[in-house]
Amino acid sequence: MTSPDLVPLPPVAGRILDAQLHLLDRQVLDTDGVPVTTVDDLELSGPALGEEIPVGTPAPVLDALLTGPVLGTRIFGGRPPSSRLIRIPWKDVADVGVVVRLGVRGGPLDAGWVERWVRDKIIARIPGGRHDPR
Amino acid sequence: MILGDLLGTPVRDADGGRLGRVADVRFVLDGTPRQLMSEARVLGLVVSPHSAASFLGYERINLAQPWPLANLLRWRHRGSYLVLWEDIAMVGKDAVRLRPGFTRYSASLEDGGRQRAGDGK
């Protein structure tokens, strides 16, 4: 699997997560198991681009999961400007498995604004759209 | 910074020699404990000498099936290794530069590999 000349990784205290394998493109569920969004990108606390990293600098940490309008940029390249991406803070994440599970309810999160807008502006105006189907 | 900008960036050694590209970023959950999970600290970068990205991670786990796919992807990502954060000298827009005398660690996710191998038995 790996070349014999590679040094084995010394043991680390915590669980290991690889961004591509375990986080990116995973579905995000809220604390009730309701789908919120998917992880489109991640935001790190550093380092600053193009600046030398002094020896002994603490490693950056994962600040937030990012989601946003990435369909176009996935097809044509690039990424949306940082201001257009919606952040879900890492402190709200409860578990990472097949899906990323949050410890908070998804309703008030910014990530669900499109769904809320469609519900309030379009679905609510359809006759019978304001109550549960019976 | 946004992690997507880092993935696929060329990696160079201290003399500017080309080593590969950033295929993945490895985190370890051993930072300050928060209300639900610990902070995820950057442990290092997975560098792939022959490909710009990693797909399905066969080069990091012991899974060997389906055989053609596993072998093809393992060959495509051959020679991948992990560089720890301490060995990174600069993260630029166009390249990541490593410190002189950096160490190539195995990128294998051993625990994950053992678990999966055991599941199949």
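Proteins get letters first, then strands, A, B, ... in listed order; numbering begins at 1 in each.
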* To do: Measure A/Ala64 against the heavy atoms of chain B and call it side chain, backbone, both or neither at under 4.5 Å.
  => neither

* Asked: Transitively linked via ILVMFWY side-chain contacts under 4.5 Å: A/Leu102 with A/Val99?
  -> no

* **Heavy atoms of other groups near A/Arg105 CZ, more than 12 under 6.0 Å** => no

* To do: Please look at A/Pro8 and chain B and tell me whether the side chain, the backbone, both or neither of the residue comes under 4.5 angstrom of a heavy atom of that chain.
  => backbone

* To do: Heavy-atom distances under 4.5 Å only: say whether A/Asp92 touches chain B with side chain, backbone, both or neither.
  => both

* From CA spacing to verdict: side-chain contact (heavy atoms from CB on, under 4.5 Å), A/Trp90, B/Leu29 -> CA-CA 11 Å; A/Trp90 178 254; B/Leu29 298 182; 3.7 Å; yes

* Common cluster, B/Leu45/A/Val61, ILVMFWY with side-chain heavy-atom separation under 4.5 Å -> no

* **Best-contacting candidate, B/Ala95, B/Ala89, B/Ser38, against chain A by heavy atom pairs under 4.5 angstrom** => B/Ala89

* Asked: What are the two closest heavy atoms between B/Arg41 and A/Ala59, and how far apart are they?
  -> CG-CB, 3.5 Å

* In terms of hydrophobic clustering (I, L, V, M, F, W, Y; side-chain heavy atoms under 4.5 Å; direct or indirect links), are A/Trp113 and A/Val28 co-clustered? -> no

* To do: Specify which of B/Asp94, B/Thr32, B/Val25, B/Asp30 makes the most heavy-atom pairs with chain A at under 4.5 Å.
  => B/Val25

* For A/Leu49 and B/Lys93, work out which heavy atoms get closest and say how close. => CD2-N, 4.2 Å

* To do: Tell me, with the steps shown, if A/Arg15 and B/Val28 meet side-chain contact (heavy atoms from CB on, under 4.5 Å).
  => CA-CA 6 Å; A/Arg15 182 178 167 197; B/Val28 57; over 6 Å; no

* Taking all non-hydrogen atoms of both residues, which atom of B/Met90 and which atom of A/Glu51 are closest, and how far apart? -> CG-O, 3.3 Å

* Asked: Of the backbone (N, CA, C, O) and the side chain (C-beta and beyond), which part of B/Leu84 lies under 4.5 Å from a heavy atom of chain A, both, or neither?
  -> side chain

* To do: Select, from A/Gly46, A/Pro54, A/Ala94, A/Pro58, the one with the greatest count of heavy-atom pairs under 4.5 Å involving chain B.
  => A/Ala94

* Report the option among A/Asp95, A/Val55, A/Val96 that has the most heavy-atom pairs separated by less than 4.5 Å from atoms of chain B. => A/Val55

* To do: Anything in residues 2-19 of chain B with a heavy-atom distance to chain A below 4.5 Å? Please list those residues in order.
  => B/Ile2, B/Leu3, B/Gly4, B/Asp5, B/Leu7

* Asked: So, does B/Trp85 use its side chain to make a donor-acceptor pair with the main chain of A/Thr57 at under 3.5 Å?
  -> yes

* Below 4.5 Å from any heavy atom of chain A, which atoms of B/Thr103 appear? Answer side chain, backbone, both or neither. => side chain

* With only heavy atoms counted, which part of B/Ile88 is less than 4.5 Å from chain A, the side chain, the backbone, both or neither? -> both

* For B/Gln35, does the CD atom have more than 12 heavy-atom neighbours from other residues, nucleotides or ligands under 6.0 Å away? -> yes

* Asked: Based on non-hydrogen pairs under 4.5 Å, which of B/Met37, B/Glu86, B/Arg104 is most in contact with chain A?
  -> B/Met37

* Structure fact -> Applying a strict 4.5 Å limit to non-hydrogen atoms, the region of B/Arg97 in contact with chain A is side chain

* Structure fact -> Answer key: most heavy-atom pairs under 4.5 Å with chain A among B/Gly92, B/Ala23, B/Ala40 is B/Ala40

* Residue, of A/Ile53, A/Leu62, A/Asp63, that accumulates the most heavy atom pairs under 4.5 Å with chain B -> A/Ile53

* To do: To the nearest 0.5 Å, tell me how far A/Ile16 CD1 sits from B/Arg60 CZ.
  => 11.0 Å

* Where A/Leu9 and B/Leu82 come nearest, the two heavy atoms and their spacing -> CD1-CD2, 3.6 Å

* **Engaged part of A/Leu66 at the chain B interface, taking heavy atoms whose separation is under 4.5 Å** => side chain

* Which heavy atom of A/Pro10 sits nearest a heavy atom of B/Tyr105, and at what distance? -> CD-CE2, 3.5 Å

* Asked: How far does CG of A/Leu42 sit from CZ of B/Phe27, to the nearest 0.5 angstrom?
  -> 5.5 Å

* To do: Heavy-atom distances under 4.5 Å only: say whether A/Asp41 touches chain B with side chain, backbone, both or neither.
  => side chain

* Is there a side-chain contact between B/Leu43 and A/Val12, using heavy atoms and a 4.5 Å cut-off? -> yes

* Asked: Using non-hydrogen atoms and a limit below 4.5 Å, what part of residues 70-86 of chain A faces chain B?
  -> A/Arg79, A/Ser82, A/Leu85

* Asked: Can you name the closest pair of heavy atoms from A/Gly103 and B/Leu36 and give their distance?
  -> CA-CD1, 3.7 Å

* To the nearest 0.5 Å, how far apart are CZ in B/Arg99 and CD in A/Glu52? -> 7.5 Å

* Asked: Do B/Leu56 and B/Ile61 sit in the same hydrophobic cluster, where Ile, Leu, Val, Met, Phe, Trp and Tyr count as joined when their side-chain heavy atoms come under 4.5 Å apart?
  -> yes

* **Largest heavy-atom contact set with chain A, pairs under 4.5 Å, which of B/Val91, B/Val42, B/Asp24** => B/Asp24

* Asked: Are A/Val100 and A/Val98 grouped together when hydrophobic residues (ILVMFWY) are joined by side-chain heavy atoms under 4.5 angstrom apart?
  -> no

